[in-house]
Amino acid sequence: MKVVILAGGFGTRISEESQFKPKPMIEIGGMPILWHIMKGYSHYGFNDFIICAGYKQHIIKEWFADYFINSSDVEFCYKDGKSDMKVLHSNAEPWNVLVADTGLNTMTGGRIKRIREYVGDEPFLMTYGDGVCDVDVNELVKFHKSHGKVATLTAVKMDQTKGVLDIGEYGAVRSFREKKQSDGAPINAGFMVLEPRIFDYLDGDETVFETTPLERLAEEGQLMSYVHKGYWQCMDSQRERQQLEKLWESGNAPWKLW
């Protein structure tokens, strides 16, 4: 099962750093938050990634181009007028990473629509490139397969300003609406499982996934929630980045499952 990660936005709410690099490439503990997210999925055996890039996408591509060498012991030999490089030991993950250009100004739904050819006719995982979580992905997938609906999202209850859910019996999402200030209801934390039918709900580049598609899925009874009572945190501000950094430095980062 492929993992799709949305990593193309401008990250305007953390512009102190996103003016220089894409938000998912902002570092926690010396590694991009994107890497932390991927390590979480990899812990559960999901190693096939599609990165939906846009803003400053060259930085993401260059990072992955250098990742193998930077994670390896490398011997350079220049004897006899020749240049030879030998990789002696590598700590790089067994990942297959496709970085797709999904456009500079494309909305979230449009980015998902653009990678349809890479996903194929199979269910896939999807999340945002700015949030870490200790959700058990295998249990999430198991729950998704059990109900047969088009989409499952991970719901957490926090005093945040994210997409708000009305959850009914057996985890069915009865309605979906965009965030409002001071909401205390369960929120959409990403970490979704989507059936290929999701592409029928996406019109084009202007489609905002979190509005019409999710609202329509909820109205049709095709959106389910997997309630997660563990840790989740997005990185929308410099303060939140510093909180994540402090947790990582403490050696007790809740999302570090590997």
Side-chain angles (χ1 to χ4, degrees), residues 1-9 24 34 37-38 40-42 44-54 96-100 102 106-131 133 135-156 162-163 165 167 170-178 186-228 232 234:
M1 189 177 286
K2 293 182 173 63
V3 181
V4 174
I5 303 177
L6 300 183
L34 177 63
I37 296 167
M38 295 170 70
Y41 279 107
S42 186
Y44 290 104
F46 298 95
N47 294 306
D48 199 350
F49 298 94
I50 301 173
I51 312 298
C52 297
N96 183 75
V97 184
L98 190 161
V99 182
T102 56
T106 309
M107 298 293 101
T108 49
R111 294 191 189 282
I112 299 170
K113 184 83 169 181
R114 285 202 184 197
I115 53 87
R116 181 173 189 171
E117 64 178 298
Y118 302 128
V119 169
D121 192 27
E122 298 178 356
F124 62 98
L125 298 157
M126 193 282 288
T127 197
Y128 304 97
D130 63 354
C133 187
V135 65
D136 186 324
V137 182
N138 285 333
E139 287 299 314
L140 170 64
V141 172
K142 182 180 178 180
F143 172 76
H144 175 78
K145 290 180 177 179
S146 73
H147 59 64
K149 306 296 185 180
V150 174
T152 298
L153 54 76
T154 297
V156 296
K162 306 300 172 187
L165 311 172
I167 301 175
Y170 306 119
V173 178
R174 295 181 296 205
S175 68
F176 183 99
R177 63 176 171 79
E178 261 291 48
I187 62 172
N188 171 23
F191 294 88
M192 303 182 184
V193 188
L194 304 171
E195 294 293 320
R197 286 180 289 163
I198 192 66
F199 294 110
D200 296 334
Y201 292 78
L202 308 175
D203 292 329
D205 285 357
E206 299 303 315
T207 304
V208 178
F209 185 63
E210 298 74 22
T211 55
T212 303
L214 289 186
E215 290 166 0
R216 181 182 160 197
L217 284 166
E219 291 170 359
E220 295 177 2
Q222 290 295 326
L223 179 61
M224 299 292 286
S225 66
Y226 179 80
V227 179
H228 176 57
W232 172 83
C234 66

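Sequence positions, counted from 1, serve as the residue numbers for this chain.
Listed by chain and number, the residues in a ring-ring contact (aromatic ring centres under 6.0 Å, His included) with His228 amount to none (sequence neighbours excluded). With sequence neighbours excluded, the residues forming a salt bridge (Lys or Arg N to Asp or Glu O under 4.0 Å) with Asp205 are Arg114, listed by chain and number.
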Self-check item: Worked verdict on Asp130 versus Leu6 for side-chain contact (heavy atoms from CB on, under 4.5 Å)
Solution: CA-CA 9 Å; Asp130 63 354; Leu6 300 183; over 6 Å; no

Exercise. May I have the step-by-step check of side-chain contact (heavy atoms from CB on, under 4.5 Å) for Asn96 and Asn47, ending in yes or no?
Key: CA-CA 6 Å; Asn96 183 75; Asn47 294 306; over 6 Å; no

Exercise. Could you walk me through whether Asp200 and Val150 pass side-chain contact (heavy atoms from CB on, under 4.5 Å), step by step?
Key: CA-CA 10 Å; Asp200 296 334; Val150 174; over 6 Å; no

Exercise. Please report the C-alpha distance between Tyr44 and Val141 in whole Å, then the side-chain angles of each, then the deciding distance to 0.1 Å, and finally whether the side-chain contact (heavy atoms from CB on, under 4.5 Å) criterion is met.
Key: CA-CA 11 Å; Tyr44 290 104; Val141 172; over 6 Å; no

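Put simply, the side chain of Lys149 never gets that close to the backbone of His144: no donor and acceptor are under 3.5 Å apart. Distance alone, capped at 3.5 Å, is enough to place a donor-acceptor pair between the Ser225 side chain and the Gly171 backbone. Judged purely by atom type and a 3.5 angstrom limit, Ser42 has no side-chain atom pairing as donor or acceptor with the backbone of Met38.
Of all non-hydrogen atoms in Gly109 and Leu202, the two that sit nearest each other are O-CD1, 3.6 Å. Across Trp232 and Val156, no two heavy atoms sit closer than the pair CE3-CG2, 3.8 Å. Minimum interatomic distance between Ala155 and Pro186 (heavy atoms only, all atoms of both residues): CB-CB, 4.5 Å. Across all non-hydrogen atoms, the minimal contact from Pro213 to Tyr201 is CG-O, 3.6 Å. Between Ala100 and Ile115, the shortest heavy-atom contact is CB-CG2, 3.8 Å. Of all the heavy atoms in Val4 and Cys52, the pair that sits closest is CG1-SG, 3.6 Å.
The closest side-chain heavy-atom distance from Phe191 to Leu125 is not below 4.5 Å. No side-chain heavy atom of Val3 sits less than 4.5 Å from a side-chain heavy atom of Ile37.
Taking OG1 of Thr212 as the start and CG of Asp203 as the end, the distance is 8.0 Å to the nearest 0.5 Å. Note: Met1 CE to Leu194 CG = 10.0 Å, rounded to the nearest 0.5 Å. Taking CZ from Phe209 and CZ from Arg111, the interatomic distance works out to 14.0 Å, rounded to the nearest 0.5 Å. Note that CD1 of Ile50 is 13.0 Å distant from CZ of Arg116, once rounded to the nearest 0.5 Å. Between Met192 atom CE and Thr127 atom OG1 the span is 7.5 Å, to the nearest 0.5 Å. One finds the CD atom of Glu210 at 3.5 Å from the OG1 atom of Thr108 (value rounded to the nearest 0.5 Å).
Ring-centre distance between Tyr41 and Phe124: not below the 6.0 Å cut-off.
Checking each of His147, Glu195, Lys145 against Thr152 for a side-chain hydrogen bond (donor to acceptor under 3.5 Å, both in side chains) leaves exactly one that passes, namely His147.
Residues in residues 219-228 take part in these salt bridge (charged side-chain N to carboxylate O under 4.0 Å, His left out) pairs, two or more places apart or across chains: Arg216-Glu220.
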